Amino acid sequence: MVKETELLAFMRETAYKPMTYQELEEHFQIQTAAEFKDFLKLLNALEQDGKIILTRTNRYGVPERMDLVKGRLQAHAKGFAFLIPEDREHPDVYIHANDLLSAMNGDTVLVRVSTRSSSGGKLEGEVVRIVNRAVTQIVGVFQHHETYGFVIPDDKRINRDIFVPQEGFGGAVDGEKVVAHIVNYPEGRSAAEGRVIEILGHKDDPGVDILSIIRKHQLPEAFPEDVMAEAQAAPERIDEAEIVSSGRRDLRDKVIVTIDGEDAKDLDDAVHVELLPNGHVQLGVHIADVGYYVTENSRLDQEAYNRGCSVYLVDRVIPMLPHRLSNGICSLNPKVDRFTLSCEMEFDEQMKVVKHDIFTSVIRTKERMTYTNVRKILEDEDPEVTEQYSELVDTFKLMRDVALRLRGKRMKRGAVDFDFQESKVIVDEEGKPIDIIKRERSIAEQIIEEFMLAANETVAEHFHWLKVPFIYRIHEDPDQEKLMNFMAFVANFGYTVKGKGNKVHPRALQSLLEDIQGTKEQTVISTMMLRSMRQAKYDAESTGHFGLAAEFYTHFTSPIRRYPDLVIHRVIREVIEAGDGLSEGRLEYLASRMQDIAQQSSERERVAVEAERDTEQLKKAEYMLDKVGAEFPGIISSVTSFGMFIELENTVEGLIRLSGLTDDYYHFHEQHMALIGERSSRIFRIGDEVKIRVARVNMDDHTIDFELVDMEPRRRDEGSGDGLAWKRGEGGGRGRERERERGGKGSKKGRGVKSGAGASGTGRSARRSESSGSGGAAPAVSFGFGSGKGGYAAGPASLSRDSGGYRSGGGERDGSGSGSGERRRKKKTSESGIFIGGPAASGESGDKPRKKKGGGKGKSKSKGGNATAAFVRKKKK
């Protein structure tokens with residue numbers, strides 16, 4: 001029988017030319033009818049997966065030999081999209097809205113590259129085939145129009161309404177949030193057609209908002225019955241006989257504790273430290289052996305694979321495993337026996353691991369400690385709490401010492417540590433937000449974080465050298481172009497980043513973070529540094545972790561809530577129990593599965609982050625509803641060509657539109673990340689402190705608009721030199737146009753300074769580069785628009801901005817500097833008010849041509865663009 005690998009290898013040969021199935025049958029010498037039937041099934045399966053292509057002449061070939069690129073589509077609200085190729089070395093491909101066929105955000109597609117820039121970097125293409133549909137249902141508001149209806153999608157990346165014929169209403173009425181199943185996908189100018197399959201309730205009803213987000217991201221809720229049946233079969237306690245028969249190392253006499261948040265119920269990690277007679281320190285990290293109860297290919301395992309991870313929304317948790325397991329037999333509850341996988345490390349005086357051991361174990365934790373109580377013991381020296389845990393006080397002091405020394409060693413080697421403030425929205429029983437509190441990162445959190453990092457590195461290196469198929473957590477080096485731009489940016493502040501050629505060691509970036517500590521520019525430089533980095537992900541190959549300056553890294557410490565941890569736990573236990581190594585067949589099977597698991601886990605992590613961010617943004621907007629008109633101090637967290645984002649002390653972020661800066665005409669300078677007044681030279685840049693007033697809250701888009709308290713209206717005689725100061729419009733002006741007529745081929749002649757590219761970044765939802773602390777909520781990970789290859793914007797972003805302002809969701813960044821409220825001046829300026837021109841090339845501006853004094857309409861022939869104020873003054877001369 002012909003194998004998939006054999007067939008693909010043949011088609012990838014240089015001499016291969018596309019063949020018909022009859023020619024392939026002859027080449028592989030297929031004799032029997034059964035073999036022929038299996039061969040046809042293989043061809044059909046590979047074609048369905050997009051691994052091979054059937055041409056118009058009915059010949060088969062591989063996509064890469066036909067100038068086709070396979071990848072995932074990342075769409076934008078304006079209609080265009082990027083292809084994120086499966087081949088990590090291949091640059092992103094820009095796709096114009098007219099070249100998408102009927103593909104939608106998240107679809108797996110094949111794209112033909114049509115043009116590329118002269119420098120060979122930026123590519124443009126067109127979708128030639130949709131391999132797999134990611135979007136099968138849409139969540140949105142139902143609009144009733146007598147004999148037909150529309151569903152207005154909540155996800156703004158789906159930029160066409162869903163047409164619903166009368167027979168597909170399903171009882172929905174106007175204004176209700178519904179879930180619509182897509183019956184026909186959009187073709188050309190026609191909209192997608194769907195039918196209502198679920199009515200969530202009226203859009204203003206309590207609870208419907210979070211439920212809509214759950215449905216939007218297609219997050220699973222209840223577990224299937226067969227999955228629950230397997231979970232119910234798990235024991236509630238461990239028998240002594242099972243402990244003996246399992247052959248585990250007995251650690252029940254050691255002083256082992258868990259340290260987690262007060263509300264944590266799934267306790268999957270425990271730790272212990274002790275001084276050894278030789279003066280060294282032994283650190284033990286003990287992780288719940290979830291794989292012992294969730295066996296490979298069981299229904300529990302399949303469901304965990306599909307979910308990928310637990311999702312922590314504002315008011316609920318959508319777990320990866322049923323509570324029977326996650327809060328029961330797999331949770332390291334105090335004073336009960338639990339099966340674990342342990343990693344014991346012996347550190348010398350320089351905190352170097354001189355000996356380590358990874359083994360199966362049974363433990364019995366002494367106490368269920370909270371971050372708050374450990375902090376009270378170590379930092380506050382609270383007498384009551386200290387007395388309550390008097391037997392453990394010395395243990396916690398030793399833990400503090402070990403953690404600080406581990407951190408010092410990590411910082412010395414160059415790990416990059418972003419200390420951005422995180423927050424938690426507190427809601428009442430009805431889901432209404434009542435407070436927003438900042439999360440502390442005290443010594444208690446640092447202890448767990450450092451211990452988990454040490455265990456993850458040790459396990460990763462151990463199994464790397466064993467050459468066993470494994471899953472690693474990797475963080476690739478920053479994109480060279482972004483890094484060079486960042487180095488040029490910090491030079492404006494008088495700082496230099498040392499590096500060789502285009503490479504920079506993370507130690508140089510950490511040194512810069514230390515140099516700017518406490519300075520006014522700390523926020524702006526930290527934010528820009530984070531944007532220049534790539535996103536961490538899972539991979540079957542160990543390529544290192546840039547942010548942690550670690551050569552080997554994995555996720556070993558949270559198998560209850562992360563599927564990759566569960567998978568490597570099974571591999572670890574299998575290797576330990578096999579003794580003399582795994583069989584060749586088993587190694588081959590594991591190797592064939594690991595990359596698929598890594599990719600699935602990365603994708604599910606991305607969905608979880610987007611859903612968590614959506615719910616947080618929703619509840620923060622709801623929290624500010626009754627604060628319209630109130631004044632607050634804030635810090636500029638992001639500057640774009642269409643305005644600036646302000647973050648308040650409680651981490652709420654809002655937008656001050658460019659049209660709201662009425663004391664002058666402001667121009668966006670990308671290199672300095674600043675808005676500069678044309679007349680007054682007043683400067684707004686990231687990190688500046690301002691006082692704002694809450695202007696409005698939009699609960700449809702979950703956005704908040706601010707206005708400056710001290711902003712004075714512009715006087716009519718203080719324009720830009722022509723005696724008139726036109727009122728700014730609220731059109732869809734853009735700075736740099738990513739998409740002109742056929743989409744983003746770079747700047748045209750006479751376009752002026754590019755503005756907004758790579759700059760419409762985030763406020764502060766971006767977090768530390770990586771954290772493996774198991775307690776509390778894991779830091780949110782932000783995802784940029786495009787993967788960063790091919791020169792397209794890819795920095796982290798907490799908000800997507802569109803021409804109407806900004807919206808929550810997706811974390812994807814336009815990069816086009818889109819904005820509204822840009823003025824049109826008397827000399828037919830562009831949306832930015834700088835360069836002579838008309839509406840944006842894509843035709844999305846909401847402004848109408850201004851009438852001339854003679855009564856004619858001022859028509860613009862240029863396709864717009866940006867330039868500096870100096871350019872305007874030069875033209876007037």
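From a predicted model like this one, the values you see are computed outputs, not experimental measurements. Worth knowing before you read on, the calculation uses all heavy atoms, side chains too, and leaves out hydrogens, waters and symmetry mates.
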Ion pair check, [X] and [Y], cut-off under 4.0 Å:
X	Y	result
Lys438	Glu649	yes
Lys424	Glu616	no
Asp239	Arg237	yes
Glu240	Arg252	yes
Arg307	Glu303	yes
Arg413	Glu457	yes
Lys397	Asp401	no
Lys619	Asp315	no

Nearest 0.5 angstrom please: [X] [atom1] to [Y] [atom2], how far?
X	Y	atom1	atom2	answer
Asp614	Ile214	CG	CD1	11.5 Å
His569	Thr557	NE2	OG1	7.5 Å
Ile329	Leu332	CD1	CG	10.5 Å
Asn650	Lys620	CG	NZ	7.5 Å
Lys627	Phe632	NZ	CZ	6.5 Å

Less than 4.5 Å apart, side chain to side chain, heavy atoms only: is that true for [X] and [Y]?
X	Y	value
Gln232	Arg324	yes
Met529	Val416	yes
Ser342	Leu251	yes
Tyr495	Thr519	yes
Val609	Arg606	no
Met320	Ser310	yes
Val425	Glu622	no
His272	Gln282	yes

Between [X] and [Y] (side chain of the first, backbone of the second, donor and acceptor by atom type, cut-off under 3.5 Å), is there such a pair?
X	Y	answer
Thr386	Ile377	no
Lys265	His323	no
Arg400	Ile443	no
Asn373	Met369	no
Thr360	Arg248	no
Arg405	Glu349	yes
Ser326	Ile560	no
His475	Arg534	yes
Arg473	Thr554	no
Ser331	Gly328	no

Closest non-hydrogen atoms of Thr340 and Ser361, given as atom of the first, atom of the second and distance, are OG1-OG, 2.6 Å
Check whether NZ of the Lys or CZ of the Arg Arg573 lies under 6.0 Å from the centre of the six-membered ring of Tyr292 and within 45 degrees of that ring's axis.
-> no
NZ or CZ of Arg439 within 45° of Tyr371 ring axis and under 6.0 Å | no
Summary of salt bridge (Lys or Arg N to Asp or Glu O under 4.0 Å) pairs that have at least one residue in residues 379-392, sequence neighbours excluded | Arg375-Asp380
Between Phe470 and Phe463, how do the two ring planes meet: parallel, tilted or perpendicular, split at 30° and 60°?
-> parallel
In this structure, which one of Val652, Ile635, Ile636 forms a side chain to side chain contact (heavy atoms under 4.5 Å, CB included) with Ile646?
-> Ile636
In a check of side chain to side chain contact (heavy atoms under 4.5 Å, CB included) between Ile358 and each of Val285, Leu341, Val459, which one passes?
-> Val459
Please indicate whether Lys352 has more than 12 foreign heavy atoms, meaning atoms of other residues, nucleotides or ligands, lying under 6.0 Å from its NZ.
-> no
Would you tell me whether Glu605 and Ser602 have side-chain atoms, one donor and one acceptor, within less than 3.5 Å of each other?
-> no
